[in-house]
Amino acid sequence: MSAFELLSPAVRKFVRDKRWEGFRDIQSAAIKRIMGDEGHYILASRTASGKTEAAFLPILSKVDFNKRGVAVLYISPLIALINDQFIRVEDLCGDMEILVTKWHGEASRSLKGKLLKDPQGVVLITPESLEAMFANKPYDVKNLFSSLKYVVIDEIHSFIGSDRGVHLKSLLSRLQGVNTGSFSVVGLSATLGDFSEAKKFTGSAEKTVVLRDPASKDLDAVFKYFEQTGHVLPLDLLKDLYRETRDSKVLVFPNSRGKAEEVAVSLMKISERVGGHANYFSHHSSVDKQVREYVEEFAKSKVRRNFTIACTSTLELGIDIGSVDQVVQLDAAHSIASLIQRVGRSGRREGAKSRLLLYATSPWSLLQSLAGWLLYLEGFIEPPEVIDHPYDILLHQALSVTKERLGITKKELVAELKHNYAFELIEEAEIMEVVEHLIAIDFLEELGRELIIGVEGEKIVNGRDFYTVFNAQSYYKVVSSGTGIGQIPFTAQVRENENILLAAKIWKIRFVDHDAKKIEVVPANDGRKPLFFGEGGDVHPRIREKMMEILFNEELFGVLDENSAREIDKIRREFHVFPLTELGLQRPMLIGAKELDLYSFTGSRINRTLSFLWGLSGVEVRLDDEQSRFGVEGAVPDVGALSKLLVPSLDDLDFHLENFIYAHPDVLSGAKWAVYLPVKYRLRLLKLRYFDFEGAERFKDYSWVGAR
DNA sequence: GACCTGCTGCGGGCTG
């Protein structure tokens, strides 16, 4: 039977009415499999390939919506995506008289109330709203979700390797617990290199089937080089970028919010001078939500208008902005996974060949960018981060479960957490230790035979901040005569009469209200870019190894323009002085009169760890992670000794890590709930997340090949 | 340590 014939009559009618020419591969495959069994699935294909329909057409065909209770739960990482998908899912469900309800912090309360009175249909929710329901209204969870048949997780790749993903896993596990039967999970994913982590979200990885549409599209890449010497982007680069983009729909990814503003304003100015279009925007987390929505609407409008949006990862996820002709990457993207998502935004029109334009402003950025592109062509994607000992999320969920139950014995609590598949690799004794610690710090309290939330715990679990596992920065609102422009972190630059760039416009600061955390601005003509944080994230070791391979071979690359080819050639010649014969086990070392430069060509986490270990032995190094280089100053030590220093005894290491935590209290600041853990577990998180001691230890077998 | 993401309950004021 064809995929179409498998669908229910109502769904077939919907498909006919839409006059689709046929199903995409991922849709046919999903319909055949999902109609056939009750298993868990991951549907993987590129953005805008119809994954939502691939999941919903068969699910709507087979699920009985006439029984009391919500039958299908759709979970999304973004409110914006829920609002987008609501329109599509409601379109699908409309004729079939299936109720679709949005359930997130900005959704209508009266519609939520209606659903509670008569639970049915499809619900679209965020993980945090689900958490809030478990913690505050556990009876609503049962009322709504005890007969769920399907859970659809959108953009599941965005949850992988993150605390938020562990949180979601725990919520799904708890949801299976309240279900009278059991539900199937369908995860929608971008193309990944390795699906082992994605499969774990279903609770039984071994029974989860991945349906993958590997079709990628034709893509031309061009590298251009303009060296940046000052604090602003080179004018030649901006002029070239303007010429390359003025007649098309373009996304520019400059890696930081400040640079995005710089790009948008600079291009707008050039365009004004030469009489070009005025459609230059910026789009990132500091731009006001309504302004962002306007930009998204502008981009997906049916009317053909050219535009350029300078953006950050806000436009990496699946928010619908239609198709763009060209994607521009300014300096190296920090990961291949991210590059793939960005590239996926271009050339959505069938058959249209799309183009990726890569600008570099320094030799090392060019080298990293080229390495990233070559790895992309090889099909390499960074393997997902594995978080199998999430003690911090365990602590959070211990509080949440205790609140949900309004009292639970210690034994039951430990058993429930042990049973939760988000924590399956954490030992029962460890869970008990964390629970005992929560009692000791008054987060939990023993009342008779039961545990309840303690005095200190009440302050935490009743706060608005309890429902998320990630930290929010503190921002000042930027307002111009009553209109919201955006929000920026407060820095020394934020003073009256200073200029800032925001939402692709220049503003002068009139007044800073510290109590209301508000900045009054008026339009101005010239300005410095707003000072956000610097740039650079953790780079995977494979990218650095590829950079070294490029330096130590003679291959020519057609994607390089004349300037960038010359630049690669130049840096190659600098490295030809090192007589390396075995790239896998040797690293270059530049011997100066008073200083050594060690080039490790490895990932950021290993570099950080090497730096830490050498520091313990009294060898102070200056780490430049972009170049993966350690400067060793002063009395140059015996190089052989440097390698031996990399294996401290374990007791020693824990002692030093503990000191490190006290000296750098912010080091685990990303892990919001870790601060409440016993020191022992904070140490473990530090080893697992911030450092890579195994990776660093490999360097004891490497030899440093010197040259002057 | 780049870029992101999300949230309650309750009371007061306003609108229809």
Side-chain angles (χ1 to χ4, degrees), chain A residues 75-82 103-107 109 112-113 125-137 140 154-155 157-165 167-168 171 253-260 282-287 289 292 310-319 329-335 337-339 341-342 365 368 385 396 400 403 458 460-473 475 487 489 532-540 603-605 607-609 611-612 623 625-626 664-672 686 689-692:
Chain A
I75 303 179
S76 152
L78 301 176
I79 288 178
L81 199 55
I82 288 183
W103 194 294
H104 55 65
E106 295 168 14
R109 288 186 186 207
K112 289 180 189 171
I125 203 167
T126 59
E128 286 72 21
S129 280
L130 195 51
E131 169 66 52
M133 208 188 288
F134 266 114
N136 297 328
K137 306 262 190 68
D140 283 348
D154 207 351
E155 308 269 4
H157 55 276
S158 75
F159 289 110
I160 292 172
S162 78
D163 288 343
R164 205 175 176 208
H167 186 202
L168 174 59
L171 293 169
F253 289 95
N255 297 339
S256 77
R257 291 174 288 179
K259 276 237 167 75
S282 64
H283 190 289
H284 51 77
S285 67
S286 284
V287 176
K289 199 169 197 163
R292 276 156 73 173
C311 56
T312 60
S313 48
T314 49
L315 286 185
E316 241 173 63
L317 282 178
I319 299 169
Q329 176 66 48
L330 208 56
D331 284 324
H334 88 277
S335 73
S338 174
L339 182 70
Q341 291 282 104
R342 293 172 180 188
S365 163
Q368 186 182 328
E385 194 82 16
H396 176 255
S400 175
K403 183 150 193 249
E458 285 287 347
I460 302 275
V461 301
N462 292 328
R464 196 170 175 256
D465 222 19
F466 182 66
Y467 312 106
T468 59
V469 296
F470 50 86
N471 269 318
Q473 271 189 320
Y475 287 103
Q487 44 181 2
F532 296 115
F533 294 100
E535 48 187 291
D538 284 358
V539 174
H540 191 268
S604 309
R605 256 166 71 184
N607 279 338
R608 194 181 297 139
T609 312
S611 174
F612 174 76
L623 168 62
D625 191 57
E626 196 196 14
H664 307 271
D666 285 345
V667 73
L668 279 173
S669 64
K672 181 168 155 186
L686 199 61
R689 308 252 182 104
Y690 186 74
F691 290 118
D692 178 357

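In the text below, chain A, chain B and the rest are named by the order of the sequence lines, each starting its count at 1.
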The ring-ring contact (aromatic ring centres under 6.0 Å, His included) partners of A/H540 (sequence neighbours excluded) come to A/F380
Using a 4.0 Å heavy-atom cut-off across all strands, classify A/Y690 as base, sugar-phosphate, or nothing. base
When you measure from the side chain of A/R608, which nucleotide among B/dG6, B/dC3, B/dG1 comes out closest? B/dG1
Run the salt bridge (Lys or Arg N to Asp or Glu O under 4.0 Å) test on A/E131 and A/K403 for me, step by step, so that the C-alpha distance in whole Å, both residues' side-chain angles and the decisive distance to 0.1 Å come before the verdict. CA-CA 11 Å; A/E131 169 66 52; A/K403 183 150 193 249; over 6 Å; no
Would you say A/T468 reaches B/dC7's phosphate, i.e. side-chain N/O to OP1/OP2 under 4.0 Å? no
Start at the 5' end of DNA chain B and walk down; is the nucleotide closest to A/K672 or to A/S313 reached first? A/S313
Is there a side-chain contact between A/S285 and the phosphate of B/dC4, meaning an N or O under 4.0 Å from OP1 or OP2? yes
For atom CZ of A/F470 and atom P of B/dG6, their distance in whole Å: 7 Å
What integer distance in Å separates A/E155:CD from B/dC3:P? 21 Å
Have a look at A/S129 and say if it touches a base, only the backbone sugar-phosphate, or nothing, with a 4.0 Å heavy-atom cut-off. sugar-phosphate
What integer distance in Å separates A/I82:CD1 from B/dT5:C1'? 12 Å
Who pairs with A/E458 by salt bridge (charged side-chain N to carboxylate O under 4.0 Å, His left out), at least two apart in sequence or on another chain? none
Taking CZ from A/F134 and C1' from B/dC7, how many angstroms apart are they, rounded to a whole number? 16 Å
A/F466: ring-ring contact (aromatic ring centres under 6.0 Å, His included) partners, not counting sequence neighbours: A/H396, A/W673
Just to confirm, is there a sub-4.0 Å distance from OP1 or OP2 of B/dC7 to any side-chain nitrogen or oxygen of A/T126? yes
Write down the distance between NE2 (A/H167) and P (B/dC7), rounded to a whole number of angstrom. 12 Å
Whole angstrom is fine here: how far is it from NE2 in A/H396 over to P in B/dG6? 16 Å
Start with the C-alpha distance between A/R689 and A/D163, add both sets of side-chain angles, then the distance that settles side-chain contact (heavy atoms from CB on, under 4.5 Å), and finish with yes or no. CA-CA 11 Å; A/R689 308 252 182 104; A/D163 288 343; 3.2 Å; yes
Given atom CZ of A/F253 and atom P of B/dC4, what is their separation to the nearest angstrom? 11 Å
Under the ring-ring contact (aromatic ring centres under 6.0 Å, His included) rule, collect the residues that match up with A/H283, sequence neighbours excluded. none
Presence of A/R257 side-chain N/O under 4.0 Å of B/dC4 phosphate oxygens OP1/OP2: yes
At under 4.0 Å between heavy atoms, which parts of nucleotides 9-16 of chain B does protein reach? Answer with one letter per nucleotide, 5' to 3': B base, S sugar-phosphate only, - none. BB------
Partners meeting salt bridge (charged side-chain N to carboxylate O under 4.0 Å, His left out) with A/E316 (sequence neighbours left out): A/R342
When you match A/N462 and A/R164 each to their closest nucleotide on DNA chain B, which lands nearer the 5' end? A/R164
Quick one: A/L78 CG to B/dC7 C1', roughly how many Å, whole number? 15 Å
State which of B/dG6, B/dT5, B/dG1 makes the closest approach to the side chain of A/D538. B/dG1
Options B/dC4, B/dT5, B/dG6, nucleotide nearest the side-chain atoms of A/T312: B/dC4
Is the closest side-chain donor-acceptor distance between A/S76 and A/D154 under 3.5 Å? no
